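Notes follow the structure.
We number each residue from 1, following the sequence as shown. Each ligand, and each atom within it, is numbered from 1 in the order the structure gives. Just so it is clear, the structure is predicted and the values come from calculations on it, not from any experiment.
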Amino acid sequence: MAIKYIPEPFRIKMVETIKMLTPEEREQKIAEAKYNLFNLRGEDCYIDLLTDSGTNAMSQEQWAGVMRGDEAYAGANSYFKLVEAGQDIFGYKHIQPVHQGRAAEKVLFGLLMGEGKFSISNMHFDTTRAHVELAGARAIDCVVAEAGDPSIRAPFKGNMDLEKLEQIINERGAENIGLVIMTITNNSAGGQPVSVENVRETSKICKKYGIKFCIDAARYAENAYFVKQREAGYENKSIKEIIKEIFGYADMFTMSAKKDTIVNMGGLLGIKEDDDLFQAIKGRTICFEGFITYGGLSGRDLEALAIGLYEGLDENYLRYRIGQMEYLASRLDDAGIAYQAPVGGHGVFIDARAMFPHIPYYEFPGQALAIELYKEAGIRTCDIGSYMLGNDPDTGKQLEAEFDFTRLAIPRRVYTQAHIDVMADALIAIKERASSIKGYRITWEPPVLRHFQAHLAPLDK
Ligand code: F0G
């Protein structure tokens with residue numbers, strides 16, 4: 001029996017019409033898109049779950065903030081409001097706005113990484129990995145083993161494997177580790193949370209070896225909500241207190257603000273206390289993003305972001321938000337559809353290998369399910385698996401991802417229970433004809449981040 005859906009803690013003031021194409025039209029659109037869902041037009045998708053990034057619905061307070069945005073090139077009010085909000089929530093001395101998460105990575109990584117260096121993370125997001133590689137270094141993932149088994153229900157499947165972390169540091173040499181990065185929540189492992197204890201222990205290891213510790217903070221508020229629900233000793237702490245403690249263990253953070261701060265564009269870089277590093281960051285920000293008091297954003301974006309930083313911490317909102325995922329997951333449980341369990345914070349990651357045991361990783365089961373969801377119900381999702389992972393940068397060989405997921409990333413405050421039911425019904429219909437679904441091959445691919453642009457073709461056997 002599906003669990004109760006937690007009613008939305010808001011009402012709707014403005015609507016956007018969406019349309020459903022016919023099955024024949026969808027077949028044609030996806031073929032024209034070369035079976036790459038990034039090539040579809042947004043208007044051809046009935047429910048767009050490609051990402052939870054920048055697809056959020058802003059509140060009336062944020063829209064009012066847009067009107068108040070101060071567009072001064074230097075020293076805008078909106079900048080100071082944002083910096084004060086960041087200092088208040090994270091407890092860091094330096095807060096630098098940038099235009100999105102990967103911009104923060106670009107500005108920071110070039111200062112800490114280069115040829116012969118390594119970055120170790122509980123899991124690098126794809127752009128994070130790309131920026132490590134562009135800086136000349138190599139990225140090593142170090143997530144706990146239970147993350148690799150979607151059927152194991154553990155409370156903190158996003159955690160760093162602490163033993164393995166120390167082993168990698170010793171093997172590669174502490175002086176060669178540019179950065180240890182903790183991604184909260186762990187997106188690539190299925191939006192899985194990381195415990196405060198695991199952050200604390202990782203921080204101790206970094207201190208022991210003199211390595212800098214960075215948080216990839218895209219979904220820090222959802223992570224804090226899970227901590228409050230699941231970690232002993234945190235049930236009576238506020239979301240803000242939990243966040244302060246987590247960030248207190250790190251030296252710096254990069255953040256895509258397009259997720260938990262519920263805006264459409266923005267990013268942040270935070271430095272706890274290192275004035276020299278921040279000085280260098282300011283120089284690179286001016287080169288890559290624009291003057292330090294706007295960092296690639298309009299004043300109105302800075303203002304909406306400052307407001308969103310607080311809205312994202314509201315517990316009523318977080319209960320509904322995580323409740324939406326739990327409702328969808330419970331419908332999948334009823335239907336025997338496997339996903340990364342327990343469900344994560346920003347979406348449901350369907351175990352495409354379990355759905356299509358006859359499709360090997362190099363024929364991209366996660367992508368096959370994403371295409372099928374579009375054909376079935378006009379739902380746009382994406383592969384988080386071998387198709388996304390790509391080829392080894394040194395050998396050029398297709399890598400086998402730890403898992404092959406199809407991610408239904410749920411935009412914040414956008415879809416209703418009825419939409420969630422459409423998602424569940426579509427997955428159930430696909431499961432019924434799963435054995436007839438074929439894999440795909442790549443007919444063209446660019447050298448980096450290929451999944452955004454590659455062309456595919458269906459296999460006929
Ligand atoms: N880190 C994590 C954990 C992310 O999930 C993302 C983006 C980034 C960094 C990069 O941030 O997009 O603002 O430049 N994730 C989006 C997603 C795109 O769909 O998961 P960005």
Q) Are the side chain of Arg284 and the backbone N or O of Val107 linked by a donor-acceptor pair below 3.5 Å? A) yes
(Q) Side chain or backbone, does Thr127 bring an N or O within less than 3.5 Å of an N or O on ligand 1? (A) no
Q) Between Asn39 and Gln453, is there a donor-acceptor pair closer than 3.5 Å when you use the side chain of the first and the backbone of the second? A) no
Q.
Tell me whether Glu105 reaches ligand 1 (any heavy atom closer than 4.0 angstrom to a ligand atom).
A. yes
Q) Any N or O of Arg219 that comes nearer than 3.5 Å to an N or O of ligand 1? A) yes
Q. Is it true that the NZ or CZ of Lys106 lies under 6.0 Å from the centre of Phe288's six-membered ring and within 45 degrees of the ring axis?
A. yes
Q: Anything under 30° is parallel, anything over 60° is perpendicular, the rest tilted; go ahead and classify Phe90 against Phe247.
A: tilted
Q. Which of these passes ring pair (Phe, Tyr, Trp, His ring centres under 6.0 Å) with Tyr294: Phe80, Tyr79, Tyr73?
A. Tyr73
Q | N or O pair under 3.5 Å between Thr51 and ligand 1 | A | yes
(Q) Only heavy atoms of Thr183, strictly under 4.0 Å: list the atoms of ligand 1 that pass. (A) 3 (C)
Q) Is the cationic atom of Arg138 (NZ for Lys, CZ for Arg) positioned less than 6.0 Å from the six-membered ring centroid of Phe118 and within 45 degrees of its normal? A) no
**Q.** Protein contact of atom 1 (N) of ligand 1 - nearest heavy atom, named by residue and atom, plus distance
**A.** Asp216 OD2, 2.7 Å
Q. Looking only at distance, does Lys258 have an N or O less than 3.5 Å from an N or O of ligand 1?
A. no
Q. Identify the closest protein heavy atom to atom 13 (O) of ligand 1: which residue and atom is it, and at what distance?
A. Ser256 OG, 2.6 Å
(Q) Looking only at protein heavy atoms, which one is nearest to atom 12 (O) of ligand 1, and what is the separation? (A) Arg102 NH2, 2.8 Å
Q: Please write down residue, atom name and distance for the protein heavy atom closest to atom 18 (C) of ligand 1.
A: Phe125 CZ, 3.8 Å
Q. Looking only at distance, does Arg407 have an N or O less than 3.5 Å from an N or O of ligand 1?
A. yes
Q. Could you walk me through whether Val414 and Glu16 pass the side chain to side chain contact (heavy atoms under 4.5 Å, CB included) check?
A. CA-CA 10 Å; Val414 171; Glu16 182 182 350; over 6 Å; no
**Q.** Residue among Ile379, Thr381, Leu21 satisfying side-chain contact (heavy atoms from CB on, under 4.5 Å) with Tyr374
**A.** Leu21
Q | Closest approach of any protein heavy atom to atom 7 (C) of ligand 1, naming residue and atom | A | Lys259 NZ, 2.6 Å
